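Notes follow the structure.
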Amino acid sequence: MINTPFNYTGSKFKLLEQILPHFDYSKSCFIDLFVGGGSVYANIAARYERILINDVIKDLVDIHKNITNDDFVDKVKSECVNKEDKEGYHLLRLSYNLDKTPEKLFALMLCCTNNLMRFNKSFDFNQTFGKRSWNSSTEEKVRNFQKELRAYQDKIEYCSSSFETVWPDNPQETFYYLDPPYASSEAGYNAYWSNSLEGKLLDYCIKIHEAGGTFALSGISGKHKDKDESPLITELSKRFNVVNINHDYKKVARNKDEVRGQEVLIKNY
């Protein structure tokens, strides 16, 4: 399995061995609708004729688009601050929020707390300084990721749109993987998500099904922390097949006594 160079909240890398066997490989086209850190599409690129990756965070998509370019990687390195340079980090964060570029976003992700993206309601990056920077581990992950993706560059397309506008010419020949922000989580990119979008995503899944396409959606069933099950998961579970995924949320929880939901994969086939 190829890991990505991003430490991304909700990354499915550790769950790939459970998730990927359930994918529909009979289709010619694959759409990763909420690409995030990219661990899914990077590990199935050989299995489809055409791949489209999408995310509403444009700079994140542009990182994926440009990461195989060594000049881009060199620019990211030059933007990274020393792991003791807190003031430099704050200046980089301010610079990004005033003039957003994928190089600055990647550098911020590498230098911030836990290497995790976080945005406020104004969509400004607001994660704190993490005393981190580009290191040998990052170098190795980037080089491995580059090597994998370069073999499939000709068939990967990149898009940064709200998910409901992403619709291929041949939906009946398309398999969609959907890993939206979990409504019951506190991920740093949840500024880009809302209850109304959950409703639109439900409609989108039904549209895929009626058009003859197939999809698999990741989510959490049951009560999670202090939040009830998402209506999206409730409704999809009534209509389609639910696969329980073995993932113990208590292992990564600060409060071990909190109620934790069940990781699931819902598929319409």
Side-chain angles (χ1 to χ4, degrees), residues 3-14 34-39 42 53-146 158-162 179-194 197 225 252-255:
N3 202 353
T4 76
F6 319 112
N7 186 18
Y8 201 85
T9 303
S11 171
K12 294 300 181 288
F13 178 71
K14 293 182 179 180
F34 303 87
V35 69
S39 60
I53 71 169
N54 178 73
D55 202 286
V56 71
I57 304 174
K58 183 179 184 301
D59 290 325
L60 181 61
V61 173
D62 284 343
I63 292 172
H64 286 286
K65 185 176 182 178
N66 291 289
I67 198 166
T68 57
N69 185 318
D70 288 334
D71 288 341
F72 172 79
V73 172
D74 288 341
K75 290 178 181 178
V76 173
K77 289 181 183 180
S78 69
E79 293 284 2
C80 287
V81 300
N82 185 283
K83 64 180 182 178
E84 301 298 329
D85 188 3
K86 185 175 182 178
E87 181 180 356
Y89 174 81
H90 288 158
L91 290 173
L92 174 62
R93 189 174 66 184
L94 177 62
S95 175
Y96 174 74
N97 289 331
L98 291 173
D99 179 24
K100 293 179 169 61
T101 70
E103 294 91 345
K104 292 176 188 176
L105 177 60
F106 195 3
L108 283 169
M109 292 165 67
L110 291 170
C111 299
C112 69
T113 300
N114 296 326
N115 300 125
L116 296 175
M117 283 196 316
R118 191 179 73 185
F119 297 90
N120 61 25
K121 294 297 183 181
S122 298
F123 308 111
D124 286 335
F125 191 95
N126 69 345
Q127 182 65 300
T128 55
F129 179 50
K131 293 186 176 181
R132 299 162 182 253
S133 190
W134 187 281
N135 56 37
S136 58
S137 176
T138 304
E139 184 78 27
E140 182 179 4
K141 286 182 178 180
V142 167
R143 297 309 171 195
N144 289 339
F145 200 58
Q146 286 182 318
Y158 304 87
C159 178
S160 180
S161 300
S162 185
D179 186 21
Y182 292 3
S184 56
S185 77
E186 297 175 354
Y189 46 72
N190 274 12
Y192 287 87
W193 198 243
S194 66
L197 289 176
K225 299 182 180 180
V252 295
R254 294 180 181 177
N255 182 355

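Since this is a predicted model, take the numbers as computed values, not measurements.
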Phe123 CZ to Asn97 CG distance, which is reported to the nearest 0.5 Å: 12.5 Å

Can you name the closest pair of heavy atoms from Phe129 and Glu84 and give their distance? CZ-C, 4.1 Å

Taking side chain as C-beta onward, heavy atoms only, is Pro181 less than 4.5 Å from Phe34? yes

Shortest non-hydrogen contact between Val81 and Ser133, atoms and distance: O-OG, 2.8 Å

Side-chain donor or acceptor of Thr128 paired with backbone N/O of Thr113 under 3.5 Å: no

More than 12 non-hydrogen atoms from neighbouring residues, nucleotides or ligands closer than 6.0 Å to NZ on Lys77, yes or no? yes

Out of curiosity, Asn135 CG to Thr138 OG1, how far, rounded to the nearest 0.5 Å? 3.5 Å

Enter the distance from Cys80:SG to Asp85:CG here, rounded to the nearest 0.5 Å. 11.5 Å

Flag the pair Tyr89 / Gln127 as yes when at least one side-chain heavy-atom distance between them is below 4.5 Å, and no otherwise. yes

Are the side chain of Arg132 and the backbone N or O of Leu110 linked by a donor-acceptor pair below 3.5 Å? no

Could you state the interatomic distance from CG (Leu60) to CG (Leu105), rounded to the nearest 0.5 Å? 6.5 Å

Evaluate side-chain contact (heavy atoms from CB on, under 4.5 Å) for Asn54 paired with Ser161, printing each intermediate quantity in order. CA-CA 7 Å; Asn54 178 73; Ser161 300; 4.0 Å; yes

Thr101 to Tyr96 - nearest heavy-atom pair and separation: O-CE1, 3.3 Å

For the pair Met117 and Ile57, evaluate side-chain contact (heavy atoms from CB on, under 4.5 Å) and give the outcome as yes or no after the intermediate values. CA-CA 11 Å; Met117 283 196 316; Ile57 304 174; 3.8 Å; yes

Looking only at heavy atoms, the pair that brings Ser39 and Phe13 closest together is OG-N, 3.5 Å

Glu139 bridged to Arg143 by N-O distance under 4.0 Å: yes

Are side-chain heavy atoms of Phe125 and Asp59 found at a separation under 4.5 Å? no

Give a yes or no answer on whether the side chain of Asp55 reaches the backbone of Val61 with a donor-acceptor pair at less than 3.5 Å. no

Measure from the side-chain N and O atoms of Asn7 to the backbone N and O of Asn114, and report whether any donor-acceptor pair falls under 3.5 Å. yes

Over all heavy atoms of both residues, which pair between Asp71 and Asn69 is shortest? Give the atoms and the distance, please. N-OD1, 2.8 Å

Point-to-point distance, once rounded to the nearest 0.5 Å, from SG of Cys111 to CZ of Arg93: 12.0 Å

Student check: side-chain heavy atoms of Lys100 and Asp124 closer than 4.5 Å: yes

Determine, for Asp99 against Lys104, whether the closest basic-nitrogen to carboxylate-oxygen distance falls under 4.0 angstrom. yes

Could you walk me through whether Tyr158 and Val35 pass side-chain contact (heavy atoms from CB on, under 4.5 Å), step by step? CA-CA 10 Å; Tyr158 304 87; Val35 69; over 6 Å; no

What are the two closest non-hydrogen atoms of Ala107 and Leu92, and how far apart are they? CB-CD2, 4.0 Å

Partners of Lys58 by salt bridge (Lys or Arg N to Asp or Glu O under 4.0 Å), sequence neighbours excluded? Asp62

Parallel under 30°, tilted from 30 to 60°, perpendicular over 60°: which one fits the rings of Phe72 and Phe106? parallel

Are Val76 and Glu103 close enough, and set up right, to give a side-chain contact (heavy atoms from CB on, under 4.5 Å), and what steps lead you there? CA-CA 5 Å; Val76 173; Glu103 294 91 345; 4.3 Å; yes

Are Asp70 and Gln146 close enough that a side-chain donor and a side-chain acceptor fall under 3.5 Å? yes

Looking at NE2 of His64 and CZ of Phe145, how far apart are the two atoms once the value is rounded to the nearest 0.5 Å? 6.0 Å

